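One structure is given here, and the rest of the page talks about it.
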2 protein chains.
Amino acid sequence: MADLVYRQLLSTLKKQIVAGDYPNLKLPDERSLSEQYQVSRSTVKRALSILADQGIVFKKRGSGTFINPLYLKNDSVFHYNNGSNLGVTDSFQMNGRKPGISLLNFEVVRPQAELKRDLFLKNDDFVYEIKRLRLFDDEPFMIESGYIPIKIMPELSRQIVSGSIFNYLQKEKNQAVTKSYLTISAEPSTKEDQQQLKLQPNEPVGVMAGVFFLDDGTPFEYSRMRLHYKYMKYNTFVTIDD
Amino acid sequence: MADLVYRQLLSTLKKQIVAGDYPNLKLPDERSLSEQYQVSRSTVKRALSILADQGIVFKKRGSGTFINPLYLKNDSVFHYNNGSNLGVTDSFQMNGRKPGISLLNFEVVRPQAELKRDLFLKNDDFVYEIKRLRLFDDEPFMIESGYIPIKIMPELSRQIVSGSIFNYLQKEKNQAVTKSYLTISAEPSTKEDQQQLKLQPNEPVGVMAGVFFLDDGTPFEYSRMRLHYKYMKYNTFVTIDD
DNA sequence: CAGTGGTCTAGACCACACC
DNA sequence: GTGTGGTCTAGACCACTGT
């Protein structure tokens, strides 16, 4: 991965930016970079576009490419995900805390209409229903209800489900979950939320719900996550074009 | 904008996909498309990459490009933003409801340290503090607190601030806000939230806070939005690579 | 081995910003 | 007008998939 030309250039530029090699916050023009690193201008553009997508630089037609000053202030609001995390254990800053899983429920059910639609199921397909309580250092922070088609993972067991399913997929079946569509919202806590997540009645949960996809586009899991509100922090960098 | 070759191809393919012109959910290969539409393969790749970023298709090296079945089910969970909306009046589905603004407060203040950092301000820079209640059809749904450096918009007035600031920027100064960094979270409602947004004490608010940037990368506004929880629905399509 | 997407190049021409 | 990023092309070669 890192031996790709545009990846190397990307990484080089990123290091230089962080190191403060461009005190005037302006990068050299694309043609110069192309010359300097002996790569085509297209490759330079590719690297710079990624930096722009990540919010690290701004490209301004006619004047140049400029470093986002906010990115340099390392302790600032600007430490975000690049939207590039998936999997519960990766998505939350655990700050050295040990993640845990407590299995609440594990059974096979007939999917509701909506679920059938979202997971692209046929009429007589069944799904596993997996309800788990997620913890950090024995402190519960999320109730997760997952639905996985039997036909995708017929071998699923209480054992597997008590650990990270994504890791299992990766290691045992060499399949990666690289895409997800999620809706983020907030709700008052239910009695169950309050009990499991140790919430006061007036304290809410954050809700993240949606579909995870395998590399090849197969909808793999529908998941509904109810988070202790203090643990829900979703960072996004958005660009509009149209 | 739409006369660009890759944009046209993009729009053509999107229409065909929605129209069901590819019943087997597989697009023609890139070289065929290049031939068929008399454009270079690079241009085809560009259009297809955008479709992939939007989650509409999956590209699989060695086998082809496939349509995401979820995208075809139009009424499904899959109708999302592409993360491509900015500006309050654009960002929420208004469903024909008329947006309104009630100005709660408008003054000049000395920015706190954190704000100074996020807006990249110097020691003696001042900011406008603009607090507004946003409505749909006279129903309040959001309390918005915005902070804009005086030096960026010295001409700001109660009049301007009572309408859409982004529209004003666009029309009067030909500057667009095209990027934002936001953190999304949830909180119990405060007394003020409950009063302004007509919430019960146990009902929460969604919080979206962060920085909006001008085209040239200037941090333009820090905004903190507290939303009636029923109005907070943020949709994301995330891809991981690394 | 054939088919398909991924990377990379070299160069032409356009559009916008600034002097 | 010069500098800079944006679009587009034509083609070479690589990497992975599936027969």
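All figures in this text were calculated on a predicted structure; none of them were measured in a lab.
Computed from coordinates, the A:Asp53 CG to D:dG5 C1' distance equals 15 Å when rounded to whole Å. Here C:dA17 presents its P atom at 14 Å from CG of B:Leu214, a figure rounded to the nearest Å. With rounding to whole Å, A:Leu10 atom CG is found 15 Å from C:dT7 atom C1'. Counting to the nearest Å, the C1' atom of C:dC18 and the CG atom of A:Asp29 are 15 Å from each other. Computed from coordinates, the B:Arg46 CZ to C:dT7 P distance equals 15 Å when rounded to whole Å. Regarding A:Tyr6, its OH atom lies at a distance of 13 Å from the P atom of C:dT9, rounded to whole Å. Between B:Leu33 atom CG and D:dT9 atom C1' there is a gap of 17 Å when expressed in whole angstrom units. Rounded to whole angstrom, the span from the CZ atom of A:Phe66 across to the P atom of C:dA17 amounts to 12 Å.
Taking the six-membered ring for Trp and the full ring otherwise, the centers of A:Phe106 and A:Tyr128 sit less than 6.0 Å from each other. In this structure, B:Tyr181 has its ring center no closer than 6.0 Å to that of B:Phe212. Side-chain rings of B:Phe58 and A:Phe213 approach one another, their centers coming within less than 6.0 Å.
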Take B:Asp125 and B:Lys116 through the test salt bridge (Lys or Arg N to Asp or Glu O under 4.0 Å) and record every step on the way to the result.
CA-CA 8 Å; B:Asp125 288 332; B:Lys116 244 163 48 184; over 6 Å; no
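For A:Val39, whose side chain is taken as the heavy atoms from C-beta onward, the closest listed nucleotide among C:dT7, D:dG5, C:dT9 is C:dT9. Distance from the side chain of A:Val5 is smallest for C:dC8 among the nucleotides C:dC8, C:dG6, D:dA10. Nearest to the side-chain atoms of A:Lys59 among the listed nucleotides D:dG6, C:dG6, D:dT9 stands D:dG6.
Applying the salt bridge (Lys or Arg N to Asp or Glu O under 4.0 Å) test to every pair with at least one member in residues 155-169 of chain B, sequence neighbours left out, gives these pairs: B:Glu155-B:Lys173.
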Contact state string [nucleotides 11-19 of chain D, B base, S sugar-phosphate only, - no protein heavy atom under 4.0 Å]
-BB-BBB--
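Toward the 5′ end of DNA chain C lies the nearest nucleotide of B:Gly64, the other residue of the pair B:Gly64 and B:Lys45 mapping further downstream. In this structure, A:Glu30 and B:Ser40 both approach DNA chain D, and ranking their closest nucleotides by distance from the 5' end singles out A:Glu30.
Other residues, nucleotides and ligands place no more than 12 heavy atoms under 6.0 Å from the CD atom of B:Gln112.
Distances shown here put every side-chain N or O of A:Thr43 at or beyond 4.0 Å from the OP1 or OP2 atom of C:dT7.
Nearest heavy atom pair, residue B:Glu221 against residue B:Glu144, reads OE2-OE2, 4.5 Å.
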